[in-house]
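These notes concern the structure reproduced below.
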Amino acid sequence: MKTIDLRSDTVTLPPPEMRKAIAEAKLGDDVFRDDPTVNRLEEMAAEVMGKEAALFTTSGTQSNLTAMLSHCQRGSEVILGDESHIVHYEVGGAFALGGLGLRTVPNDEQGRLDLAQARHTIRSRDVHFPVTSLICVENTHNRCGGTVLSEDDLAAVRALADEHDLPVHLDGARLLNAALALGVPASQLAQYADSVAFSLCKGLACPVGSVLCGGGEFIRRARQFRKMLGGGMRQAGIIAAAGVYALESMVDRLADDHENARVLSDGLSSVPGVALAPAPQSNIVFFTVEGWDQGELERRLGAQGVLCLSEGDGRIRMVTHCGIDDGDVEQAVAIVRSLVAAGA
Ligand code: TLP
């Protein structure tokens, strides 16, 4: 039985050509800035995001934390959405390690920040108050369903930040998916943020890594914070080579993942009792199944070789990626259909 692993696009394995690039990578000690492959990846990433400089990090989590540490003073506050990845899945690093307060405002179903609330949450200068130091946004928005924030949405955040002289950090773990969905270059979306982090280890199928992009002075600070967080890697070209290959050869294929997510969601929504939550806009599909405990459904699907994640709030998540082809999508839908027909 073939396993159809739809838990996340993080499960992607490097394709043979990427492994070849890894094997042939030119290496040096990156803490001395001597690794030509890391330097190349950082140049390429900065260019893709339209920023002055970039920093290769171990993970999206490390990129986001490094960005927050670099933008903010200890004891200050970050404003971000209540459904954001930073709040839910990054182990509270911002407050545990950064001494930062996370002030959440509601995300709407599209993953947008409630800007009226955000405006209200920005602190005025008062001897009693902590300082507001940063606004974070996420695009695509994971927990909201891989939803895509438009340029207008991002411009509105920028305008609010500018009114209060605040920097904006964009958790763009899947920004290339958002850019694809909108049909614009990623840099056009990143222009509204001072810093942007995007993942290499999701749809781009690298084994490890994320890149944090921003201004030259910001990235110099970020390099020091990354070192503090244990992210000063030595012959990191061995993994950066995968990133170079991915930026050259894997970006266009994200379109297949979006198409497979659309076909998957069409198939699932034809199963009685299944409701999409919401219809997918990128490579993430969320759905609910009436009358089923989601944990039980996850287990039963797993026993039949279809791996997915239950979100703990009634929703099941499936994510398409380069390890999933149209046959897998068809089979996953057929298995959901027969399980649901058999009853809980
Ligand atoms: N998301 C993972 C899990 O952590 C939930 C996934 O399977 O979707 N920002 C966003 C928007 C993300 O979705 C993720 C990973 C990260 C940051 C963190 O990236 P990593 O896993 O590289 O630390």
Side-chain angles (χ1 to χ4, degrees), residues 5-14 45 49 55-68 78 80-94 96-97 102 104 107 110-113 136-149 154 169-179 181 186 189-190 193 195-213 226 229-231 233 236 239-240 242-243 246 254 257 261 280-286 298 307-313 315-324:
D5 194 345
L6 294 158
R7 286 172 301 170
S8 180
D9 46 9
T10 59
V11 304
T12 43
L13 298 175
M49 293 297 156
L55 181 71
F56 182 41
T57 70
T58 59
S59 65
T61 301
Q62 189 177 66
S63 275
N64 284 335
L65 181 55
T66 300
M68 289 186 280
V78 178
L80 73 182
D82 59 356
E83 293 294 348
S84 61
H85 193 277
I86 291 174
V87 169
H88 282 271
Y89 303 122
E90 300 188 11
V91 209
L97 305 177
L102 295 184
T104 58
N107 278 121
Q110 189 61 29
R112 289 179 288 236
L113 289 184
C136 291
V137 283
E138 187 177 316
N139 199 13
T140 62
H141 200 291
N142 185 346
R143 275 179 64 85
C144 289
T147 49
V148 178
L149 274 69
L154 297 169
H169 172 66
L170 171 56
D171 176 358
R174 298 185 182 83
L175 192 69
L176 294 172
N177 295 82
L189 303 176
S195 57
V196 54
F198 73 100
S199 279
L200 298 169
C201 65
K202 300 192 170 67
L204 297 185
C206 297
V208 189
S210 162
V211 192
L212 176 62
C213 308
R226 182 192 66 173
L229 297 174
M233 299 174 281
I239 46 178
L254 294 175
D257 301 344
Q281 297 172 18
S282 58
N283 68 328
I284 299 181
V285 179
F286 277 104
E298 180 188 344
L307 305 186
C308 57
L309 283 183
S310 58
E311 287 291 307
D313 57 5
R315 295 179 304 163
I316 298 262
R317 187 182 83 155
M318 291 183 171
V319 185
T320 54
H321 53 78
C322 63
I324 299 293

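Note that this is a predicted model, so its numbers are computed, not measured. Whatever order the structure lists them in is the order used to number ligands and atoms, beginning at 1.
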Distance (rounded to the nearest 0.5 Å) between [X] [atom1] and [Y] [atom2]:
| X | Y | atom1 | atom2 | result |
| --- | --- | --- | --- | --- |
| D313 | E83 | CG | CD | 8.0 Å |
| K202 | D257 | NZ | CG | 13.5 Å |
| E90 | S63 | CD | OG | 9.5 Å |

Polar side-chain atom of S210 near backbone of F198 as donor-acceptor pair, under 3.5 Å: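 Checked: pair present.
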
For ligand 1, list all ligand N or O to protein N or O distances below 3.5 Å, rounded to 0.1 Å.
from, atom 1, to, atom 2, distance (Å)
ligand 1, 1 (N), H85, NE2, 3.0
ligand 1, 4 (O), H85, NE2, 2.8
ligand 1, 7 (O), S8, OG, 2.7
ligand 1, 7 (O), R317, NH2, 2.8
ligand 1, 8 (O), N142, ND2, 3.0
ligand 1, 8 (O), R174, NH2, 2.8
ligand 1, 8 (O), R317, NH1, 2.9
ligand 1, 8 (O), R317, NH2, 3.4
ligand 1, 9 (N), D171, OD1, 3.1
ligand 1, 9 (N), D171, OD2, 2.7
ligand 1, 13 (O), N142, ND2, 2.9
ligand 1, 13 (O), R174, NH1, 2.9
ligand 1, 19 (O), K202, NZ, 3.1
ligand 1, 22 (O), G60, N, 2.8
ligand 1, 23 (O), G60, N, 3.3
ligand 1, 23 (O), T61, N, 2.9
ligand 1, 23 (O), T61, OG1, 2.6

Test side-chain hydrogen bond (donor to acceptor under 3.5 Å, both in side chains) applied to H321 and N283, step by step: CA-CA 7 Å; H321 53 78; N283 68 328; over 6 Å; no

Pairs meeting criterion salt bridge (Lys or Arg N to Asp or Glu O under 4.0 Å) with involvement of residues 169-179, two or more places apart: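 Applying salt bridge (Lys or Arg N to Asp or Glu O under 4.0 Å) to every pair that reaches into residues 169-179, excluding sequence neighbours, yields D9-R174.
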
